[in-house]
Amino acid sequence: MAPDDHSHAPAGRGHSYAPAARGKANLAGVTIVPSVCPHDCTSTCALDVERLDSRRIGRVRGSMRNDYTAGVICEKVARYAERIHHPDRLVKPLRRVGPKGSRQFAEISWTDALDIVAEQFIAKARRHGTETVWPYYYAGTMGLVQRDGINRLCHVMKYSRYFSTICVTLADTGWIAGVGAKRGADVREVDHHSDLVVIWGGNPVNTQVNVMTHAMRAKKRGATLVVVDPYRTGTAEQADIHLAVRPGTDGALAVAVMHVLFKEGFADWDYLRRYTDAPEELAAHVAQRPPEWAAAITGLSVDQIVSFARLYGRTKASFIRCHHGFSRSRNGAVNMHAVASLAAVTGAWQHKGGGALYGHTGMYPLKRSLIEGLDAVDPSIRDLDQSRLGPILTGDREALKNGSPVTAMLIQNTNPAMVCPELELVHKGFAREDLFTCVHEQFLTETASFADIVLPATMFLEHDDFYTASGHTFFQVTKAVIEPPGECRENHWVISELAKRLGARHRGFDMSVWEIMDETLRVSGMWDAETNWQKGGQDFHLGFETSHFLDGFPWPDKKFRFKPDWAAYGPRGREMPVLPDHFDVIDNPTPDKPFRMVAAPARTFLNSTFTETPSSQKREVRPTVMMNPDDCQALGFVEGDRLEIGNDRGKTIVHCRPKAGQQCGVVIVEGVWPNRNFETGIGINALTSADPGWPNGGAVFHDTAVWIRRPA
Ligand SMILES: Nc1nc2c(c(=O)[nH]1)N[C@H]1C(S)=C(S)[C@@H](COP(=O)(O)OP(=O)(O)OC[C@H]3O[C@@H](n4cnc5c(=O)[nH]c(N)nc54)[C@H](O)[C@@H]3O)O[C@H]1N2
Ligand SMILES: Nc1nc2c(c(=O)[nH]1)N[C@H]1C(S)=C(S)[C@@H](COP(=O)(O)OP(=O)(O)OC[C@H]3O[C@@H](n4cnc5c(=O)[nH]c(N)nc54)[C@H](O)[C@@H]3O)O[C@H]1N2
Ligand code: SF4
Ligand SMILES: [Mo]
């Protein structure tokens, strides 16, 4: 069958659209259908979706079937009808007819579009070798089949492999280096058992609202809430104590807290000897790092540090929720590891409501081989660093690993022309005439506008998939709720059609999404897809003992590592501190660039997503820089001033907002705003760096020295 012959149903669909589960149509014919939020947010909320008819949805609500979601979702997904039925949705394949980036396209058929992509990939590979093709994707959908299926094509075709670094690399490395696996204590314990909740380096009011549900339940019970964040976020406003550190200095804070814990008898030596690798060495080391030392680095007062350390030390049921935000610095892995070390010093892990969580994804028994084609991996093929897209596309030898240039790309679920660091280089690269780019998207994003071929994609309510979570422990299967508009196709279908044309052979290309899910679940020993869907998700909670590592940390000696083997992650590991410390490799301020900029997530944008919805644009108003009022006064800036913010990599224009609660010298620009919303036509990531964090890469979005001045 030619691809154009099935106008909506993806190839090989193994089931019908989701029936109105667990609910009957009301008089108006509205049914409530279960689904799961696919967005790149650790909450992975269980949803109840109002289906108005086979093509339209109404309100989206948080489901009660999942007690982490507990009926609460963020405002942007509650209003999903605004996004899924947006008039600007792509519904037809497009071919570029104007210059790159000009947004001039003409409609073509699916057959022609896919034929062109395949011809180009074959021609480029013939000329430069297969590594010249670089499939590029990220987590616009967190559904595992739709997101990661592109890897199967990549491996079978021996295209350049993908080293994913934009989000979790530094945080994962730092956490796992100590704990041994990406899992931890369950946030649901917080509700009834925690006496102290520390939200470290994250702003869940914006980025994962469900953490707040549980933290506020604890607070209502009398627990203390501490927030460690460079500015007074919506989350910090809810806190009893806000520690407004300088960005990139959490390691220093954690080390000074440990100094006090050891010095004042809060360290649990029975626990330390049984469960940790080098407690004596750690104690001797942190004895050299008093609060005065950390005060000079973090900008906090000695009193703030000591009071927090005592509070943490005397509260056994203390829960640290480690977020990604504080890992997005060159030293982010060291900082994450230092914070994770705190719970091992006091032995908070032994208590219900105690311990820490960074993420749970390492806990699922899922075997990903069929999805990703791991049986076809050729380790001799280079992998390219996602975050170093700018240097890669502009021919940086080292970033290209001395190999062929990238001359063809297939992009799914990501909008690098907005979200990647060193945007000037990214745009320059995408504008290259010798680069062939195919973007499969839901909207004509800024990345899609550089493409030669644009393909229209389904949204999560229009295809099947399954989801792990990071913030909770459920594994959830979803079915399409409505039919896609126009000629939108799911990722799996596109990959499978390209595979046919490219001669890529793998069983996965001949199966439906449902069949891939079912087989994957079976070989993983999990519930089959239908059962999972019927029951509303399978909970993989490991139980108190294991989730708190009371049966040992997942290392051969079962001990938490205060002395990580950083070198195991890459040669630069040898440059890192042996024990928790302030690793001073950050982009420190200079006389020319006296401010440290944090480019934090906005509440109603989700990365690049939702920037197309009117209500989000309205709420976020315009690109803004938040500055300490004293800095504003010293420079004569007032609310609303147009200011140039810049450094050696790039510059742009933002508007001034004086804001109390952050240190002098620290500035915040929430986003990610589209480039077109800046009067210069280039956004904040023109300033952020593509330098890899230590030891083995990871983007450093919040580690940027900048100047701020009136535009010339
Ligand atoms: N509304 C909304 N939701 C989102 C996103 C979004 O863009 N918008 N993004 C999604 C994605 S992709 C992710 S990965 C998650 C991330 O979500 P989380 O893991 O929860 O982390 P963030 O909330 O991104 O962390 C941002 C906060 O970290 C703070 N921060 C920055 N640098 C430092 C530092 O050096 N030290 C400390 N202590 N704090 C620091 C910032 O000031 C900011 O308040 O959120 C997801 N959810
Ligand atoms: N300044 C600054 N920059 C940042 C960050 C920051 O904090 N500050 N955070 C960084 C982080 S943590 C991340 S994860 C990145 C993420 O940035 P992006 O990768 O751009 O993430 P999203 O906006 O989640 O998704 C991108 C696109 O996926 C598309 N999409 C969604 N579902 C599907 C699908 O099923 N099929 C197809 N084909 N497309 C789909 C959406 O339409 C959307 O345009 O941004 C990074 N950039
Ligand atoms: S909080 Fe996160 S997972 Fe939940 S609905 Fe919003 S974006 Fe989706
Ligand atoms: Mo992310």
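For ligands, and for the atoms within them, numbers begin at 1 and follow the listed sequence.
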Carboxylate-amine/guanidinium proximity below 4.0 Å for D703 and R596: yes
Hey, is H323 touching ligand 1 through its side chain, its backbone, both or neither, going by heavy atoms under 4.0 Å? both
N/O separation below 3.5 Å, S329 to ligand 1: no
F475-H360 aromatic ring centre distance below 6.0 Å: no
Need the ligand 3 atom indices (1-based, order shown) with element for anything under 4.0 Å from a heavy-atom of L606. 7 (S)
Geometric N/O contact N206 with ligand 1, under 3.5 angstrom: yes
Ignoring hydrogens, what is the shortest heavy-atom contact between M212 and P204? Give both atom names and the distance. SD-CG, 3.8 Å
Can a cation-pi geometry be assigned to K182 and W175, taking NZ or CZ under 6.0 Å from the six-membered ring centre and within 45° of the ring axis? no
List ligand 3 atoms under 4.0 Å from T44, heavy atoms only on the residue side. 3 (S)
Below 3.5 angstrom, do we get any N/O pair linking T207 and ligand 1? yes
Atom 6 (Fe) of ligand 3: the protein heavy-atom neighbour that sits closest, reported with distance to 0.1 Å: C74 SG, 2.3 Å
Think R147 forms a cation-pi with Y137, using NZ or CZ under 6.0 Å from the six-ring centre and within 45 degrees of its axis? no
Within-cut-off N or O pair, H324 and ligand 1, under 3.5 Å: yes
Any N or O on A602 sitting closer than 3.5 Å to an N or O of ligand 1? yes
Mark up the atoms of ligand 3 that fall under 4.0 Å of a heavy atom belonging to V77, in ascending order. 5 (S), 6 (Fe), 7 (S), 8 (Fe)
Closest protein heavy atom (residue, atom, distance) for atom 25 (O) of ligand 1: G325 CA, 3.2 Å
Of all the atoms in C45, is at least one N, O or S atom closer to atom 6 (Fe) of ligand 3 than 2.8 Å? no
For atom 9 (N) of ligand 1, what is the nearest protein heavy atom, given as residue, atom name and distance? N607 OD1, 3.2 Å
Under 3.5 Å: N/O of Y231 near N/O of ligand 1: no
Please write down residue, atom name and distance for the protein heavy atom closest to atom 2 (Fe) of ligand 3. C41 SG, 2.3 Å
Looking only at protein heavy atoms, identify the closest one to atom 36 (N) of ligand 1 and say how far it is in Å. D250 OD1, 2.7 Å
With only distance considered, is R246 within less than 3.5 Å of ligand 1 through an N or O on each side? no
T233 contact mode with ligand 1 (heavy-atom cut-off under 4.0 Å): side chain
Protein heavy atom at shortest distance from atom 44 (O) of ligand 1: D229 OD2, 2.6 Å
When the ring centroid of H702 is compared with that of F326, is the distance short of 6.0 Å? no
Between V598 and ligand 1, which part of the residue brings a heavy atom under 4.0 Å of the ligand: side chain, backbone, both or neither? side chain
Between N335 and ligand 1, which residue portion shows a heavy-atom distance shorter than 4.0 Å: side chain, backbone, both, or neither? neither
Any N/O pair P204/ligand 1 closer than 3.5 Å: no
Quick check on contacts: which atoms of ligand 3 are under 4.0 angstrom from a heavy atom of I73? 5 (S)
Does an N or O from T249, backbone or side chain, lie closer than 3.5 Å to an N or O of ligand 1? no
Give me the nearest non-hydrogen protein atom to atom 8 (Fe) of ligand 3 as residue plus atom name, then the distance to 0.1 Å. C37 SG, 2.3 Å
Is the side chain of T478 donor-acceptor paired with the backbone N or O of D465 at a distance under 3.5 Å, no angle test? yes
Would you check whether H39 reaches within less than 4.0 Å of ligand 1, judged by its heavy atoms? no
